[in-house]
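Written below as structure tokens is the structure these notes are about.
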There are 2 protein chains.
Amino acid sequence: MGNAYNVMAATCPSRTVLHRIGARWTVFIVNALDHGPMRFTELKAHIRGITSKALTETLRAMEYDGLVSRTEIPAHPPHVEYALTDLGRSLLTPLRAVREWAESHVPDIERARAQADAQR
Amino acid sequence: MGNAYNVMAATCPSRTVLHRIGARWTVFIVNALDHGPMRFTELKAHIRGITSKALTETLRAMEYDGLVSRTEIPAHPPHVEYALTDLGRSLLTPLRAVREWAESHVPDIERARAQADAQR
DNA sequence: GGATACCGGTATCGAATCTATACCGTCCGG
DNA sequence: CCGGACGGTATAGATTCGATACCGGTATCC
């Protein structure tokens, strides 16, 4: 397909994109929103171990990049809903693959770590 | 396929795995080693902007996890060669997808950022 | 109407991490 | 003996992260 961007170049904008994708919690949020929109507190409960601060910051950054949308719903009680945009949804495929790789290769990596530890 | 690990659980070992994959430079190293083994200085030149320290640390961590192998070659002049292991090679597919997503969606994200900036 | 709890966050601070810069020992060719 | 390539370390400063505490608005219960 020959696109114009190359992540290996230091000045390439794709660096900042990759930096955002690689950020601590982005993978989790994208995967969590896979099955539909979620509220702030729902997300926080679903992604175990994330703090309010980290969640807020990551969501704001992803919103800035056009990956998620934030909608305040004025119903009673009012609440906030986060959802993947089309762009965010397109990121789902590669990131789901990464998540699946991680989940399915845990034993291999634990074995490698144990072996490296034993070697010393 | 129903594997036993779930990244959403805070205590799950897949978290540490995902954390390593998501580390600043791992994606670059895996992609760089796609086409065969490389030396330290070769890698450093190829991945623009990485410092010796970051490269050393990332390579050590990846070696610990069994993703890359480090071989000192006693030829003259002696040098060090880094290569993907089988495990590392299996990570190539998902990470290449991420890289390609990043490279091909730069314009979308830049547009989103510009629009978000303009909105304020 | 007063107390209480939930929602969606901020504020703050110390700890961990990353970057930049400088330096180093070994080997080799000239 | 001089200089440069290789494969790193050392150190300091900037940045980011996580833990903890707090907060204003809205329902709900009594």
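Order of the sequence lines sets the chain letters (A, B, ...), proteins ahead of strands, with each chain counted from 1.
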Verdict with supporting geometry, B:Leu67 and B:Ile21, side chain to side chain contact (heavy atoms under 4.5 Å, CB included): CA-CA 10 Å; B:Leu67 295 173; B:Ile21 297 175; 5.8 Å; no
Residues B:Glu63, B:Ser69; criterion side chain to side chain contact (heavy atoms under 4.5 Å, CB included); working and verdict: CA-CA 6 Å; B:Glu63 195 191 352; B:Ser69 63; over 6 Å; no
Rounded to whole angstroms, how far apart are [atom1] on [X] and [atom2] on [N]?
X       : N      : atom1 : atom2 : result
A:Glu57 : C:dT12 : CD    : C1'   : 13 Å
A:Glu42 : C:dG9  : CD    : P     : 14 Å
B:Ile50 : C:dA20 : CD1   : P     : 11 Å
A:Arg70 : C:dC7  : CZ    : P     : 15 Å
A:Lys44 : D:dG18 : NZ    : C1'   : 12 Å
B:Phe40 : D:dG7  : CZ    : C1'   : 6 Å
A:Glu72 : D:dG25 : CD    : C1'   : 12 Å
B:Lys53 : D:dC6  : NZ    : P     : 23 Å

Side-chain touch A:Pro37/A:Tyr82, heavy atoms, less than 4.5 angstrom: no
Under 4.0 angstrom between [X] side-chain N/O and [N] OP1 or OP2:
X       : N      : value
B:Tyr82 : D:dC6  : no
A:Arg60 : C:dT10 : yes
A:Thr41 : C:dG8  : yes

From C-beta outward on [X], which listed nucleotide comes closest to its side chain: [options]?
X       : options               : result
B:Thr51 : D:dG8, C:dT19, D:dT26 : C:dT19
A:Arg24 : D:dG8, C:dG8, D:dC17  : D:dC17
A:Trp25 : D:dT26, D:dG18, C:dG9 : D:dG18
A:Arg39 : D:dG8, C:dT19, C:dC7  : C:dC7
B:His79 : D:dG7, D:dG18, C:dG8  : D:dG7

Residue whose nearest DNA chain D nucleotide is more 5′ - A:Ala75 or A:Ala23: A:Ala23
5′-ward residue of the pair A:Gly49/A:Pro78 relative to DNA chain D: A:Gly49
Any donor-acceptor pair under 3.5 Å from A:Ser14 side chain to A:Tyr5 backbone: no
Sugar-phosphate, base or nothing in reach of B:Ser52, heavy atoms under 4.0 Å: base
B:Arg99 to B:Phe28, cation-pi by 6.0 Å centre distance and 45° axis angle: no
